[in-house]
Amino acid sequence: MIGGSVGNMIEWYDWFVYSTFSVYFASAFFPEGNATAQLLRTAGIFAVGFFMRPVGGRLLGRIGDRKGRKSALTTTVTLMSLSAILIAIAPTYDQAGHFGAAVLLIARLLQGLSVGGEYAAGATYLTEASAPGRRGFFSSFQMVSMKLGQLVGLALQIVLQHTMSEATLSSWGWRVPFVVGAIGAAGIFWLRRNLLETEAYGELDESGADGPAADRRGTLRGLLEYRREFVLIIAFSMGGTLCDYTYSTYMTKYLSNTAGLSRTDAALVSFVAIAVMMLIQPLAGALSDRVGRRPLLIAFALGAVLGTVPLMTALGKVTTAGGAPALMLTGLVIITGYTSISGVVKAEMFPAHVRALGVALPYAIANALFGGTAEYVALWFKDAGMESGFYWYVTACSAVSLIVYVSLRETRDAVFFQPQKAGADREVMAP
C-alpha cells in the first residue's frame with residue numbers, strides 16, 4: 001500500500017502545483033490582457049495536458065498489462081520528473097518570447113502522458129494487492145495519496161506566500177515547487193524500482209502465458225471485448241471527475257478570482273477543506289466494502305445534482321475566509337462517494353489481462369473531456385459574464401453519471417482473479 005501510494009502522491013503534487021501556482025506565473029508567460037484572460041491561457045495549456053492522458057493511458061496501460069504493474073509505475077514517475085524540470089527552467093516571455101510558453105506546453109504534454117498511466121497503474125496495483133473484502137478500504141489510499149500530494153503543494157504555496165513577497169513569487173518563486181517535485185520524483189523512482197509485483201499479475205503471467213488471452217493482453221482488441229464496460233467508465237467518470245476538479249483544483253482560483261479572497265486566504269481555505277476530505281476517504285472505502293459500491297456512488301450523484309448550484313453560488317459570495325471552509329468541505333464530502341472508490345470500481349469491471357488498459361483509457365478520455373476542461377470552461381463562463389452557467393454544466397454532467405450509477409451492477413463481490421484454465425479466456429465475474 002505504501003509503495004503504491006507514495007509515488008502517486010508526488011505524481012499528483014506535480015500535476016496540481018501547475019494549477020495552484022498559475023496565478024503567479026500566468027503573467028510571466030502571457031503578459032497581455034487582464035488577470036482572467038491570463039489565467040484562461042494557462043488553463044488552456046492545463047487542459048492540453050489532459051488531452052495527452054488518453055495517449056498515456058493507451059501506452060502505459062499496455063505496459064502495465066504486458067510488462068507488469070511495477071514497470072508502468074516506474075515509467076510514469078520518470079516522465080513526471082522530466083516535466084517538472086522543464087517547467088522549473090522554462091524561460092519567461094521577457095526572456096524568450098513565446099518560446100517559454102512552448103516549453104510549458106511540452107512539459108504539460110509529458111505530464112499528461114505520465115498521469116494518463118499513473119491513475120490506472122496505481123488503481124490496478126492497489127486493488128490487486130488488497131485482500132478480497134477490503135479492496136474498497138485499501139484502494140481508497142490512492143485518493144488519499146492524490147490529495148496528500150495536493151496538500152503538500154498547497155502547504156508549500158502557503159509557506160512561500162509568507163516568506164516571499166508577491167513580486168518575488170511572480171518573478172521566480174513560482175519555480176520552487178517544480179524543483180521540489182523533480183527531486184521528489186527522483187526519490188520515488190528508486191522506491192518503485194523495489195516494489196513487488198502483484199500476485200494477480202504474476203499468476204496471469206504463468207497461467208495466461210500460452211492461453212487464448214495471451215495475445216490480447218494490453219491490446220485494444222482485447223479491451224474491445226469489454227465495450228460496455230469501456231463506455232460505462234466514461235459516463236461513470238463524467239460527473240465525478242468534473243466535480244473533483246471543480247471543488248479541489250479550481251476552488252483556490254475561484255475563491256480569489258470570484259469571491260475576492262486574498263490568494264493566501266484562498267490557499268488556506270483549500271488546505272483545511274482538502275485535509276479533512278483526505279482523512280475520510282478510507283472511511284468511505286471501508287463503508288463500500290460493507291454496503292457495496294453503488295450506494296456511495298448514487299449518494300454522490302444525488303448530492304452533486306441537488307447541491308452544486310447553491311454551494312457554488314454561496315462560495316462565490318463569501319467575503320471572509322471563515323465562512324468558506326464549511327461550504328467547500330460540504331462539496332468535498334459529497335464527492336467522496338465517488339473519489340474514495342472510483343479506482344476500485346473501474347478495476348473490478350475488467351479481467352487481469354486488460355485491467356490496466358481498461359482502467360486507463362476510458363478514464364483518461366473522460367478526464368480529458370470533463371476534468372481537464374473544468375477550469376477552462378469555468379473561466380470561459382466567467383469571462384463571458386455568465387459564471388452561473390458553469391454551475392448548471394456541472395449539475396448536468398452529474399445527472400448523466402447518476403443514471404449510470406443507478407443502472408450499474410454491483411462490483412464489490414466480483415471474483416477478482418481466476419487462473420486461466422484450458423479453453424478459458426475470461427475471468428468469472430460475480431453477478
Side-chain angles (χ1 to χ4, degrees), residues 1 4 57 61 64-65 69 119-143 198-201 203-204 213 222-241 244 281-302 335-366 400-419 426-431:
M1 184 182 70
D65 286 327
R69 320 311 188 199
Y119 178 85
T124 302
Y125 187 89
L126 285 171
T127 306
E128 289 184 346
S130 304
R134 302 193 71 190
R135 290 199 296 257
F137 172 72
F138 281 109
S139 64
S140 70
F141 281 88
Q142 181 180 35
M143 184 54 62
T198 65
E199 184 178 355
Y201 178 82
E203 291 180 1
L204 174 66
L223 179 59
L224 289 177
E225 295 179 9
Y226 301 88
R227 296 180 185 86
R228 179 179 180 274
E229 288 83 355
F230 187 96
V231 174
L232 278 176
I233 286 181
I234 294 177
F236 170 101
S237 304
M238 178 191 299
T241 189
D244 187 22
Q281 298 303 300
L283 300 178
L287 180 62
S288 78
D289 287 328
R290 296 180 63 87
V291 304
R293 321 297 189 209
R294 289 180 67 247
L296 271 71
L297 292 169
I298 292 172
F300 146 68
L302 283 173
I335 67 173
T336 292
Y338 168 83
T339 57
S340 61
I341 59 173
S342 62
V344 68
V345 174
K346 297 180 183 80
E348 288 171 339
M349 292 174 70
F350 290 97
H353 70 280
V354 291
R355 183 168 292 137
L357 180 61
V359 174
L361 188 55
Y363 174 72
I365 291 173
V400 173
S401 290
L402 175 60
I403 295 171
V404 174
Y405 301 152
V406 171
S407 62
L408 192 70
R409 68 176 174 85
E410 180 57 62
T411 64
R412 178 189 60 177
D413 298 320
V415 178
F416 204 64
F417 180 79
Q418 180 168 307
R426 289 174 70 101
E427 290 177 320
V428 177
M429 304 295 282

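Since the structure is predicted, the reported quantities are computational estimates derived from the model, not experimental observations.
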Is there a side-chain contact between [X] and [Y] in this structure, where contact means two heavy atoms from C-beta onward sitting under 4.5 Å apart?
| X | Y | value |
| --- | --- | --- |
| Val359 | Thr127 | no |
| Met349 | Leu408 | yes |
| Thr339 | Phe300 | no |
| Val345 | Ile233 | no |

Under the side chain to side chain contact (heavy atoms under 4.5 Å, CB included) rule, what do Val344 and Thr411 come out as? Steps first, then yes or no, please. CA-CA 9 Å; Val344 68; Thr411 64; over 6 Å; no
Can you sort out the partners of Val406 under side-chain contact (heavy atoms from CB on, under 4.5 Å), two or more places apart, ordered by chain and number? Ile298, Leu402
List the residues meeting side-chain contact (heavy atoms from CB on, under 4.5 Å) with Ile365, not counting sequence neighbours, and say none if there are none. Pro54, Phe230, Ile234, Leu361, Leu369
Can you tell me which residue pairs pass the salt bridge (Lys or Arg N to Asp or Glu O under 4.0 Å) test with a partner in residues 292-301, sequence neighbours excluded? Asp289-Arg293, Arg293-Glu348
Just by distance, do the side chain of Ser407 and the backbone of Val404 share a donor-acceptor pair under 3.5 Å? yes
Under 3.5 Å: donor-acceptor pair, side chain of Arg290, backbone of Leu287: no
Considering residues at least two apart in sequence or located in another chain, which fulfil the side chain to side chain donor-acceptor pair (under 3.5 Å) criterion with [X]?
| X | value |
| --- | --- |
| Thr336 | Gln281 |
| Ser401 | none |
| Ser340 | none |

If I take atom [atom1] from residue [X] and atom [atom2] from residue [Y], how far apart are they, to the nearest 0.5 angstrom?
| X | Y | atom1 | atom2 | answer |
| --- | --- | --- | --- | --- |
| Leu126 | Met143 | CG | CE | 11.5 Å |
| Tyr363 | Thr241 | OH | OG1 | 4.5 Å |
| Phe137 | Leu283 | CZ | CG | 8.5 Å |

Heavy-atom closest contact ([X] atom, [Y] atom, distance):
| X | Y | value |
| --- | --- | --- |
| Ser140 | Pro282 | OG-CA, 3.2 Å |
| Pro295 | Glu410 | CD-OE1, 4.1 Å |
| Lys346 | Ser237 | CE-OG, 3.2 Å |
| Ser288 | Gly285 | OG-O, 2.7 Å |

Under the ring-ring contact (aromatic ring centres under 6.0 Å, His included) test, residues paired with Phe236 that sit two or more places apart: Tyr338, Tyr405
